[in-house]
Amino acid sequence: MSEKKIKKVFIEGAISPSCIADSIAKHSTKKDIGAHSIFLGQVRNDVINDKEVKAIEYTAYNEMAEEKFHEIRETAFEKYSLTCMHIYHSLGRVNSGEISLFVFTSSKHRKDAMEVCSYIVNRIKEEAPVWGKEIFEDESYIWKQNTP
Amino acid sequence: MSEKKIKKVFIEGAISPSCIADSIAKHSTKKDIGAHSIFLGQVRNDVINDKEVKAIEYTAYNEMAEEKFHEIRETAFEKYSLTCMHIYHSLGRVNSGEISLFVFTSSKHRKDAMEVCSYIVNRIKEEAPVWGKEIFEDESYIWKQNTP
Amino acid sequence: MKMKILAFGIIADITGKSEWTIENIQHTDELKKHLENLFPRLKNMKYAIAVNLLITNGNFELTDGTTVALMPPFSGG
Amino acid sequence: MKMKILAFGIIADITGKSEWTIENIQHTDELKKHLENLFPRLKNMKYAIAVNLLITNGNFELTDGTTVALMPPFSGG
């Protein structure tokens with residue numbers, strides 16, 4: 001492994017609204033920021049073969065995922081005019097209605113903040129080695145497939 | 001005025017992170033939502049002619065603005081696959097580092113939530129009859145000009 | 001024939017008031033001329049005119065009881 | 001020559017284990033054939049192979065001490 005500092009992305013279980021509020025509040029000291037863009041992924045209660053999804057259980061290839069998140073982070077800072085960025089992804093069980101992905105980008109102007117947020121979310125969905133297992137009421141499951 | 005129900009958009013002073021957290025938390029019962037997109041406008045401490053902006057004071061043509069927000073809302077629901085949307089805009093004084101605009105869109109899938117959020121923010125900046133007065137340390141001011 | 005005038009942002013600074021009544025002005029072009037005579041700084045200002053909440057394009061006839069808003073470029077958000 | 005194999009998602013379900021060691025396999029194509037013999041369901045699966053954290057394209061030579069990960073399509077977020 002190289003010596004670059006890798007920020008912690010994975011957190012155990014759902015991401016709470018109060019954690020998101022804390023993250024936002026911390027940026028009030030960064031007074032050159034004019035625009036924040038936030039993406040939140042929430043677990044849906046899809047019905048598959050007549051059974052309702054109660055939760056998603058996430059697993060990851062942690063070591064590779066942390067590298068990938070770091071690379072996405074570096075590229076985002078190179079490609080966009082960006083002041084701050086934070087990524088949090090759940091591992092383990094997240095119930096439907098709860099939040100499992102939190103991407104937070106901040107820039108001087110709105111265009112940068114919004115474009116880079118969308119860029120990061122798309123790369124995470126496509127490239128992060130994370131797998132979701134959709135668990136039904138009876139604890140049976142299927143492996144989730146992301147829509148492109 | 002027509003009889004359509006107009007949602008309240010303007011709030012007095014800054015939008016607090018805890019208000020944003022409450023808004024997010026309320027959506028955990030809407031289990032068909034898979035993606036939230038949030039835009040936050042934060043007041044910057046720009047330096048203009050060697051003086052630092054300490055706050056922005058917002059005024060609006062309230063009656064016209066509420067109509068415009070309503071129209072933006074209706075068009076957004078027509079153009080995009082959207083489950084929920086909320087717009088909050090500050091009136092009065094908002095200090096640098098504080099939040100003055102909060103746009104919150106929710107959809108089944110990420111693409112809709114992110115595109116419509118950006119659409120709404122751009123329309124608000126261009127079409128909402130709201131004016132910001134940038135106030136300096138010595139209480140002198142200039143009228144804000146939005147970047148396109 | 002009376003109309004209500006509303007002024008916003010820098011325009012209210014220039015006119016020194018944000019709401020007043022005018023009489024016997026037939027259309028928006030006449031109103032602009034009238035205001036620019038009273039407040040010459042308006043001549044170099046970019047502003048939109050809304051009549052009863054709708055932004056006007058070109059010259060627009062004014063009738064009794066209308067509300068006319070003078071609006072400099074928006075800067076919300 | 002020993003290599004560590006990691007299996008994720010539905011692949012770990014099929015193989016019944018998420019981590020094990022194999023010996024004396026020269027390259028990724030040989031590994032795939034070996035695994036598909038042991039676990040025929042893998043033949044119809046779409047999966048990527050990462051060697052030491054990097055996703056491989058085409059056949060890739062394996063050396064002592066490498067870590068090989070078997071990864072079905074990602075579904076995070």
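Residue numbers start from 1 in every chain, and the chains themselves are labelled A, B, ... in the order their sequence lines are given, proteins ahead of strands.
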### Query
Is the backbone N or O of C/Gly77 less than 3.5 Å from a side-chain atom of B/Tyr58, with the two atoms forming a donor-acceptor pair by type?
yes
#### Entry: Toward chain C, the part of B/Glu127 with a non-hydrogen atom under 4.5 Å
backbone
### Task
Please state whether the side chain, the backbone, both or neither of C/Ile10 comes within less than 4.5 Å of a heavy atom of chain B.
both
### Task
Can you tell which part of C/Asn52 gets under 4.5 Å to a heavy atom of chain B, answering side chain, backbone, both or neither?
neither
### Query
Where on C/Ala48 is there a heavy atom nearer than 4.5 Å to chain B: the side chain, the backbone, both, or neither?
neither
### Task
Check the surroundings of atom NZ in B/Lys133: do more than 12 heavy atoms from other residues, nucleotides or ligands lie under 6.0 Å from it?
yes
### Geometric class of the C/Phe8/B/Trp131 ring pair [parallel <30°, tilted 30-60°, perpendicular >60°]
parallel
### Query
Would you find more than 12 non-hydrogen atoms of other residues, nucleotides or ligands less than 6.0 Å from C/Glu61 atom CD?
no
### Task
For C/Asp64, look at atom CG and say whether over 12 heavy atoms of other residues, nucleotides or ligands are found less than 6.0 Å away.
yes
### Query
Run the side chain to side chain contact (heavy atoms under 4.5 Å, CB included) check on C/Phe74 and B/Ile124 step by step: do they pass?
CA-CA 9 Å; C/Phe74 307 146; B/Ile124 290 172; over 6 Å; no
### Task
Select one option (side chain, backbone, both, neither) describing which atoms of B/Ala65 are under 4.5 Å from chain C's heavy atoms.
neither
### Task
Go through the atoms of B/Tyr141 and report whether side chain, backbone, both or neither lie under 4.5 Å from a heavy atom of chain C.
side chain
### Message
So, taking the atom named CG in C/Leu54 and the one named CE in B/Met64, what distance separates them when rounded to the nearest 0.5 Å?
### Response
7.5 Å
### Task
Could you pull out the closest heavy-atom pair between C/Met71 and B/Pro129, with the gap in Å?
SD-CB, 4.2 Å
